[in-house]
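Atoms within a ligand are numbered from 1 in the order they appear, just like the ligands themselves. Computed from a predicted structure; not experimentally measured. Quick note: numbers below take in every heavy atom, side chains included, and nothing from hydrogens, waters or symmetry partners.
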Amino acid sequence: MIVLCANRLYTPQEEIEHALLFIEDGYISAVSTRSHQEIPKNATTVDFGDAILAPGFVDIHMHGGAGLDVMRATPAELPHLNKFLTRHGVTGYFPTTVAAPLDQTCAALEQLASAIEAAQHLPASNGEGVQARPLGVHLEGPFLSHKRRGVHPPEYLVEPTIEIFDRLWQAARGHVRMMTIAPELPGALEVIAEAARRNVCISIGHSDAPIEAARAGIRAGARHATHTFNAMRPLDHREPGILGEVLTDGNLSADIIADGIHVAPEIIQLFLQAKGIDRSVLITDATAAAGMPDGRYRLGPIEVDVKDGKCTMDGKLAGSVLTMDTAVRNVTKFSSWSLQNAVRAASLNPTRAAGLTQQGELVPGAEANIVVLSQSGEVKKTIVRGRGV
Ligand SMILES: [Zn+2]
């Protein structure tokens with residue numbers, strides 16, 4: 001048994017002072033306080049002093065980092081990315097595809113499925129250092145609007161059909177956990193309904209939908225929205241469109257890229273007020289360039305240029321170099337939100353949105369995926385399934 005002690009712990013709904021967290025076989029067996037529970041004599045105790053124990057961050061939209069692109073990284077390269085992610089507090093993530101030729105996407109999905117299956121069975125660290133785990137695939141495309149495609153290549157966008165969805169699903173051996181789709185496309189509602197039936201979190205985005213089409217997508221089974229404001233029909237006070245629905249639907253969760261580049265800080269504040277502490281989700285949308293110097297990097301089938309923290313292709317924003325810990329700290333700078341609530345938007349909220357269980361919170365029965373933070377939100381240590389202490 002391992003016992004972690006710290007000045008504070010975020011479950012994240014609750015804040016616990018003078019916390020004790022008990023880990024057995026990679027899972028949390030108890031969360032308590034020094035005044036309520038004795039530490040057993042045979043336990044390994046680690047005292048993190050005035051630090052904060054928080055649930056490990058879960059990034060449900062990322063394309064790469066540390067020079068590696070998730071659609072192209074080999075099984076031998078992936079651990080390098082996974083270790084990079086733990087340095088930023090991430091314990092689990094959804095490798096996210098970009099619209100590409102269908103056979104290329106399927107080949108990438110087969111590799112990613114193998115990585116996800118290996119991470120389910122192997123310990124989070126096998127002498128190579130602690131690693132974040134790929135938990136499922138996010139399909140960002142190919143069912144996106146031409147009008148709001150961002151940098152997804154137009155030649156690889158297709159109209160949604162169950163046949164194509166099923167081809168992607170089979171290639172990923174059922175590990176598709178999330179899909180971004182424009183609900184206004186012909187055939188979209190049937191594909192949304194079928195994917196939702198397979199427990200895929202359907203996220204509306206890369207969309208030019210009028211409000212009625214967005215609502216139809218939600219009625220068909222969509223329950224989330226992808227990088228709110230980016231690649232969406234802009235908000236108009238007489239034609240609210242998809243954004244009007246995303247910001248006012250109390251059941252819909254939504255995510256945002258809080259780098260201060262994709263969305264102005266004031267609009268992030270507006271988003272947080274609209275979606276609240278239950279439904280706001282932070283993502284990075286990071287590319288291979290995250291954690292790397294300025295230069296040219298791969299993003300699926302395209303190349304992006306990075307200069308001064310801005311990732312572009314032909315002048316269009318093309319993903320980010322954001323990391324989850326920076327996103328969390330940015331939220332505390334851009335809004336009046338506490339570190340506790342910002343952490344929640346990076347842990348519990350994404351796991352709830354994506355339907356992941358035993359993740360995103362520090363409660364008995366959950367996997368011991370923990371980030372140890374300083375008072376100002378700097379990552380001091382990351383623990384995956386109890387390893388890395
Ligand atoms: Zn993306």
Exercise for the section: Identify whether the distance between the nearest side-chain nitrogen and carboxylate oxygen of Arg167 and Glu163 falls below 4.0 Å. Expected result: no

Completion exercise
So the angle subtended at the Zn ion (ligand 1) by Glu140 atom OE1 and Asp285 atom OD1, rounded to 10 degrees, is 170°

Problem - N, O or S from His63 under 2.8 Å to the Zn ion (ligand 1) - result: yes

Fill in the blank from the handout: Closest to the Zn ion (ligand 1), among the N/O/S atoms of His61, is atom NE2

Practice task
Side-chain contact test, heavy atoms from C-beta onward, threshold under 4.5 Å: evaluate it for Cys201 versus Arg223 and give yes or no.
Solution key: yes

Handout entry: Glu303 atom CD, over 12 foreign heavy atoms within 6.0 Å
Key = yes

Handout entry: More than 12 heavy atoms of other groups within 6.0 Å of Glu378 CD
Key = yes

